[in-house]
Amino acid sequence: MMKDTYTIEGMTCASCAQAVEKSVAKLTGMDAANVNLATEKLTVTYDNKQVSEADITQAVENAGYKAVKNLSATSFEIEGMTCASCAQAIEKSVGKLATVSSVNVNLATEKMTVTFDEAALNVSDIVRTVEDTGYQAKLETSEQEGPSQADRQSAHIQSLWRRFLWSTIYTVPLLYIAMGPMLPFGGLPLPEFLNPMTNAMNFAVIQLLLTLPVVYLGRDFYKVGFKALFKGHPNMDSLIAIGTGAALVQGIVMTGLLVSGQLHVGHGHPDLYFESAAVILSLITLGKYLEVVSKGKTSEAIKKLMGLAPKTARVMRNGQEVEVAIDQVVAGDILVVRPGEKIPVDGEIVEGSSAVDEAMITGESIPIEKRVGDQVVGASINKNGSFQFKATKVGKDTTLAQIIQLVEEAQGSKAPIAKLADKVSGIFVPIVMGLAAISGLAWYFLGQESWIFALSITISVLVIACPCALGLATPTAIMVGTGKGAENGVLIKSGDALEETHKVQTIVFDKTGTITEGKPVVTDIKAFNGADADDILQVAASAEVGSEHPLGEAIVAEAKDRKLTLTASQDFQAIPGHGLQVSLNDQIVLLGNSKLMANHNIDLSDARAEADQLATEGKTPMFVGIDGQLLGIIAVADTVKENSVAAIQKLHRMGIEVAMITGDNKGTAEAIAKQVGIDRVFSEVLPEDKANEVKKLQDEGLHVAMVGDGINDAPALAQANIGIAIGSGTDVAIESADIVLMRSDLMDVPTAVELSRATITNIKQNLFWAFAYNTVGIPVAMGILYPFGGPLLSPMFAGAAMSLSSVSVLLNALRLKGFKAKA
């Protein structure tokens, strides 16, 4: 028998999984077929003599889905990208490779994620394809890459700043020489040997000598731009290279004519564009510097998370306490933590106790008491006690590492709103090059202007166009938005989830463990026939000692909290559907429902009204009788979480309908719903039917979010447009969800919606300004308004405007860093 695993694409709900299982299971020779909806994996056991891989993939396709074997998502760092056109070119090239399922290049993070069949395609093939496109790709392999990437980014920032400073040193005197005489009121005086009227050759040669160092400092623009152009993927650097290159060549030709004596200026001065080329290169270098600095700020959330991890740990080895590097800790090691220290990895306390501050992971500000057997999370801070714990998760398995991975994946993903910008960016540069050529030729042949004027128009169009602003509009906002979510304990797992959340109209909450604590507690004790509340509780708890029933455990826990002394019982009898009977100090004690009391002729006439009232409040009343007489009623209920009411009220203020789904009976469900303000109640719903209830809401045309924490919530979380998992819930629920609430606080549900709305608004603003800038800037640069008395942009101002557009988009995205959830 062979065993294989396939990734299934296209599944959305439990019905999809069943359809795939049924289709594959029908194959002759198939022993077992199991689909995991949460991981989107199909595991099959089969006789390879009777069933082939082709048969399995065909069976999946017949069910309406796609099976891909050994699908792997791998991340690469990309060097050499300058604009959205670069990202588009790489995506197109890599996307053409065989077995590549998806490829996503993020300009803001300078990373590429490729999903492909690792059995049929090598990483080296992908790297080579990127290099053939004109860029460099490096596999992201280890945890050490974070710091090295940061170091490279820091070096890049310093390099750009030095380039700008040296460019400015040469450009300022160049501007003085070239533009000084043109200023009003007589302009700035020039030395006689630079006077263009009498020494035009010197005037030109000195400008050329000042321009060449600036061109050399900006050589990367030409190297990358022309390489991309010749590869058939022109980008923003191509526009800059052609524009400034044309200005430089024009100036060199004019200077050559002056030096050779073939050109005489007379009483004017030669038309040179050296200063335009130098100023454009200097301003764009400054723009790049500001852009890289701003992009670095968008990923501060990841840097902060990475900085949380301690670098060393104290480990018990051979009975001795030894300090080792964090990457040398292995699962099963016993670690020692002292007051004030960070906990190195995830684990379970085996000795000692303390209060632990987990705010940096969960956002919960109050330290949590931890004792033997409790779990601790790596990077949280031990406050006041010393303890030893056994490492259970290390390296990439720790909670912190998984959070970092989730945030990185989200920051690297694309939102659907980015598709428009991607489409425009892909054809933007060729269109701009065409417009530049058309406008220059039109002015030369139809405008009766000089070729110098026409060249100026062409250069301005090439330089003012900016695909960068379009390419950065979405990813920068997503990076800041998801990072801000992580700071607030809201892990948004993708750009899709971030965008979809703002559309939510109805939010469905699972009751147990989500709206309620999920742990029954004693809420009321009603005494009868002269009994005392503590006496009733003591009798009931003594009867329930050792019981594994949740209601019994709640009664025992309440007695222990009140420090009551429990008595040993004899002759324990569990009576299914009724309760229990025990002997306590030679007295017969009964604990259960009204049927149990009636069977033993215990009069409940005085207690029925109280019991009915408790039941309408969503509580479970249990009668306590002793020797044929009613002692009292103990009510147990799953209490509502502290912030449930406030969260639901806030969602109502945001215009969102709130529903609750539960397996409880209608009375209990409606009692809880009334208590917290629920709009719709779905009661007596079997676990496997939760997804169907979500589907019914979607069939009404509603955009639905589902909030849950249990294994049985996973199908419903996957079915919903947005699945939101409570962080304290199960791994399966968290895997199935689009958003994870680390604090298990329902107030974070409206926070997630608010953050989504703020981020989408920011993206729309960015896209508007990026489109508006190009829509207005390019026609002005083409000189369309000039014949009607409108402005005419010089190449220098065009370069300044282009740099400003990218920086303005980044600065707008950074405004999200000030996001705060509304009260």
Asker: Between CD of Glu499 and CD1 of Ile760, what distance do you get to the nearest 0.5 Å?
Answerer: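 One finds 4.5 Å between CD of Glu499 and CD1 of Ile760.
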Asker: For the side chain of Glu91 and the backbone of Val105, is there at least one donor-acceptor N/O pair under 3.5 Å apart?
Answerer: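 Side chain of Glu91 to backbone of Val105, a donor-acceptor pair under 3.5 Å: yes, one is there.
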Asker: Measure the spacing between CE of Met112 and CG of Leu107 and express it to the nearest 0.5 Å.
Answerer: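 Taking CE in Met112 and CG in Leu107, the distance rounds to 14.0 Å.
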Asker: Under 3.5 Å, side chain of Tyr289 to main-chain N/O of Arg162, donor-acceptor pair present?
Answerer: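 Judged by distance alone, no pair lies under 3.5 Å.
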Asker: For a quick test of reading the model, state the closest non-hydrogen atom pair linking Thr113 to Ser75 and the distance between them.
Answerer: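 What the structure gives for the nearest pair is OG1-OG, 3.6 Å.
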Asker: Can you list everything that forms a side-chain contact (heavy atoms from CB on, under 4.5 Å) with Ser456? Sequence neighbours excluded, please.
Answerer: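 Ser456 satisfies side-chain contact (heavy atoms from CB on, under 4.5 Å) with Tyr273, Ser460, Pro795 only.
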Asker: Specify the closest pair of heavy atoms between Thr244 and Ile240, including all atoms of both residues, with the distance to one decimal.
Answerer: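 For Thr244 versus Ile240, the nearest heavy atoms are OG1-O, 2.7 Å.
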Asker: Per the side chain to side chain contact (heavy atoms under 4.5 Å, CB included) rule, which among Thr211, Thr171, Val215 passes with Leu281?
Answerer: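 Among the candidates, only Val215 passes.
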Asker: Which one of Leu462, Val461, Leu455 satisfies the side chain to side chain contact (heavy atoms under 4.5 Å, CB included) criterion with Ile459?
Answerer: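 Output: one option passes, namely Leu455.
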Asker: Is Arg219 positioned over the aromatic face of Tyr222, cation under 6.0 angstrom from the ring centre and no more than 45 degrees off axis?
Answerer: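 Because its charged atom misses either the 6.0 Å distance or the 45° angle limit, Arg219 does not stack over Tyr222.
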Asker: Do Ile726 and Leu746 touch side chain to side chain, with heavy atoms closer than 4.5 Å?
Answerer: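 Sidechains of Leu746 and Ile726: in contact.
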Asker: With rounding to the nearest 0.5 angstrom, report the CD1 to CD1 distance, Ile492 to Ile724.
Answerer: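 So the gap between those two atoms works out to 9.5 Å.
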Asker: Give a yes or no answer on whether the side chain of Ser756 reaches the backbone of Leu498 with a donor-acceptor pair at less than 3.5 Å.
Answerer: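 Yes; at least one donor-acceptor contact below 3.5 Å.
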Asker: Please report the shortest heavy-atom distance between Tyr135 and Ile78, naming the atom on each side.
Answerer: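 Result for this residue pair: CB-CG2, 4.3 Å.
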Asker: Whether Glu487 and Lys484 form a salt bridge (side-chain N of Lys/Arg under 4.0 Å from carboxylate O of Asp/Glu) is what I want to check.
Answerer: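 Yes, Lys484 and Glu487 are salt-bridged.
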